[in-house]
Peer 1: 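Sending over a structure as structure tokens; questions will come in a sec.
As a basis for the values below, the full set of heavy atoms in this structure was taken, side chains included, without hydrogen atoms, waters or symmetry mates. Each residue takes its place number in the sequence, starting with 1.
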Amino acid sequence: MRDGNSPDQGEPTHTTESGGGPAAGEPGAVHVIVGTDRTRIVLSGEVDADLGPELQEATAEAEQRGLPIEVDAHHVTFMDSSGVAFLARLSIRSEHRVRLLRVPPTVRFLLEVTRIGELLDVVDDDGAEPFEPVDSATP
């Protein structure tokens, strides 16, 4: 007899989520949002060597703007040395001290072990000031 939770014969006993929650092996993503007074880089998923080119582009764009930089790490599920190197590179190249927002425990551990956290301002939320992206459609 089969209940609603039992798989049919031949069906896999596990599934990978693609929507609501984090899934194992979730690909990483980098988004750069330019605001009126700062640049926000949003990281999500697995921040690893596969994101190398995107991390370099984000660094170059943020550096070109010359605004204070915030990195939102709230949705990071994994980070390797590529992500740590990205954070170090940002902190060294930026004219302003880089803020790292909403850091998950796995990333916080890396910051402590590598001591990169000493180069950044680690903030538990995204600050009291609202983030206002620049709208290129308005003059």
Side-chain angles (χ1 to χ4, degrees):
M1 177 176 237
R2 180 180 173 280
D3 66 17
N5 295 320
S6 300
D8 288 332
Q9 287 293 86
E11 283 186 31
T13 57
H14 66 280
T15 58
T16 303
E17 284 185 55
S18 60
E26 181 182 340
V30 180
H31 299 282
V32 176
I33 305 167
V34 178
T36 55
D37 61 349
R38 60 191 180 259
T39 299
R40 180 172 289 182
I41 300 172
V42 181
L43 304 176
S44 62
E46 294 186 355
V47 179
D48 57 17
D50 290 342
L51 276 185
E54 290 89 346
L55 293 172
Q56 288 179 352
E57 286 177 29
T59 301
E61 186 172 347
E63 187 178 13
Q64 179 184 18
R65 300 290 178 175
L67 297 170
I69 300 169
E70 297 177 335
V71 178
D72 187 339
H74 181 69
H75 295 288
V76 172
T77 57
F78 172 81
M79 182 179 283
D80 70 3
S81 60
S82 302
V84 173
F86 163 73
L87 294 173
R89 190 169 41 251
L90 271 181
S91 67
I92 291 168
R93 292 184 178 181
S94 177
E95 299 172 23
H96 312 276
R97 191 155 167 97
V98 175
R99 291 173 26 130
L100 189 57
L101 310 176
R102 305 185 306 165
V103 182
T106 54
V107 174
R108 191 174 295 268
F109 174 76
L110 284 174
L111 296 175
E112 291 171 5
V113 169
T114 61
R115 301 183 73 166
I116 296 299
E118 296 173 4
L119 302 175
L120 309 161
D121 288 337
V122 179
V123 182
D124 289 329
D125 58 22
D126 55 4
E129 302 172 31
F131 183 80
E132 296 182 28
V134 174
D135 183 6
S136 59
T138 56

Peer 1: For A49 and D80, work out which heavy atoms get closest and say how close.
Peer 2: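 Result for this residue pair: N-OD2, 3.5 Å.
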Peer 1: Keeping the roles fixed (side chain from H96, backbone from G66), state whether a donor-acceptor pair exists under 3.5 Å.
Peer 2: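 Yes, H96 side chain to G66 backbone: donor-acceptor pair under 3.5 Å.
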Peer 1: Using the rule that Ile, Leu, Val, Met, Phe, Trp and Tyr join whenever any side-chain heavy atoms are under 4.5 Å apart, tell me whether F78 and F86 fall into a single cluster.
Peer 2: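 No, no single cluster joins them.
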Peer 1: Roughly how far, to the nearest 0.5 Å, is the CE atom of M79 from the CG atom of L87?
Peer 2: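 That separation rounds to 5.0 Å.
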Peer 1: Rest of the hydrophobic cluster containing F109 (Ile/Leu/Val/Met/Phe/Trp/Tyr, side-chain heavy atoms under 4.5 Å)?
Peer 2: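 Noted: F109 shares its cluster with V113.
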Peer 1: Do you know which two heavy atoms are closest between L51 and V47, and how far apart they sit?
Peer 2: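 Where L51 meets V47 most closely, the heavy atoms are CD1-CA, 3.9 Å.
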Peer 1: Report the distance from atom CZ of R40 to atom CG of L43, rounding to the nearest 0.5 Å.
Peer 2: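 Between R40 CZ and L43 CG, I get 11.5 Å after rounding to 0.5 Å.
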Peer 1: Among residues at least two apart in sequence or on other chains, which ones pass side chain to side chain donor-acceptor pair (under 3.5 Å) with E95?
Peer 2: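 In terms of side chain to side chain donor-acceptor pair (under 3.5 Å), with neighbours along the sequence ignored, E95 is linked to no residue.
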Peer 1: Distance check, rounded to the nearest 0.5 Å: R102 atom CZ versus R108 atom CZ?
Peer 2: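 So the CZ of R102 and the CZ of R108 are separated by 13.0 Å.
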Peer 1: Taking A88's backbone N and O only, do any of them form a donor-acceptor pair with S91's side chain (distance below 3.5 Å, no angle check)?
Peer 2: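 Present.
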Peer 1: Whether the side chain of T114 engages the backbone of L110 through a donor-acceptor N/O pair (distance < 3.5 Å, no angle test) should be reported.
Peer 2: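 Looks like yes, one N/O pair under 3.5 Å.
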Peer 1: Any pair with a residue in residues 113-122 that passes salt bridge (charged side-chain N to carboxylate O under 4.0 Å, His left out), sequence neighbours left out, goes on the list, sorted by first then second residue, please.
Peer 2: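 Residue pairs passing salt bridge (charged side-chain N to carboxylate O under 4.0 Å, His left out), neighbours aside: R97-D121, R115-E118.
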Peer 1: Within the side chain of T77, is there an N or O that forms a donor-acceptor pair under 3.5 Å with the backbone of G45?
Peer 2: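 Yes, T77 side chain to G45 backbone: donor-acceptor pair under 3.5 Å.
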Peer 1: How many angstroms lie between OG1 in T59 and CD1 in I41, if you round to the nearest 0.5 Å?
Peer 2: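 CD1 of I41 is found 6.0 Å from OG1 of T59.
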Peer 1: Heavy atoms only: give me the nearest A73-P104 pair and the separation to one decimal.
Peer 2: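 Closest heavy-atom pair between A73 and P104: O-CD, 3.2 Å.
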Peer 1: When rounded to the nearest 0.5 angstrom, what is the spacing between CD in Q56 and OG in S82?
Peer 2: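 Taking CD in Q56 and OG in S82, the distance rounds to 9.5 Å.
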Peer 1: In the structure I gave you, are the side-chain heavy atoms of H75 and V42 within less than 4.5 Å of one another anywhere?
Peer 2: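 Counting from C-beta outward, H75 and V42 never come under 4.5 Å.
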Peer 1: With side chain to side chain contact (heavy atoms under 4.5 Å, CB included) as the criterion, how do D72 and H31 come out once you've worked through the C-alpha distance, each side chain's angles and the decisive distance to 0.1 Å?
Peer 2: CA-CA 10 Å; D72 187 339; H31 299 282; over 6 Å; no
Peer 1: Could you check whether atom CZ of R65 has more than 12 heavy atoms from other residues, nucleotides or ligands sitting under 6.0 Å from it?
Peer 2: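 Atom CZ in R65 is not crowded, with 12 or fewer foreign heavy atoms closer than 6.0 Å.
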Peer 1: Measuring from L90:CG to L100:CG, what's the distance to the nearest 0.5 Å?
Peer 2: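 Answer rounded to 0.5 Å: 9.5 Å.
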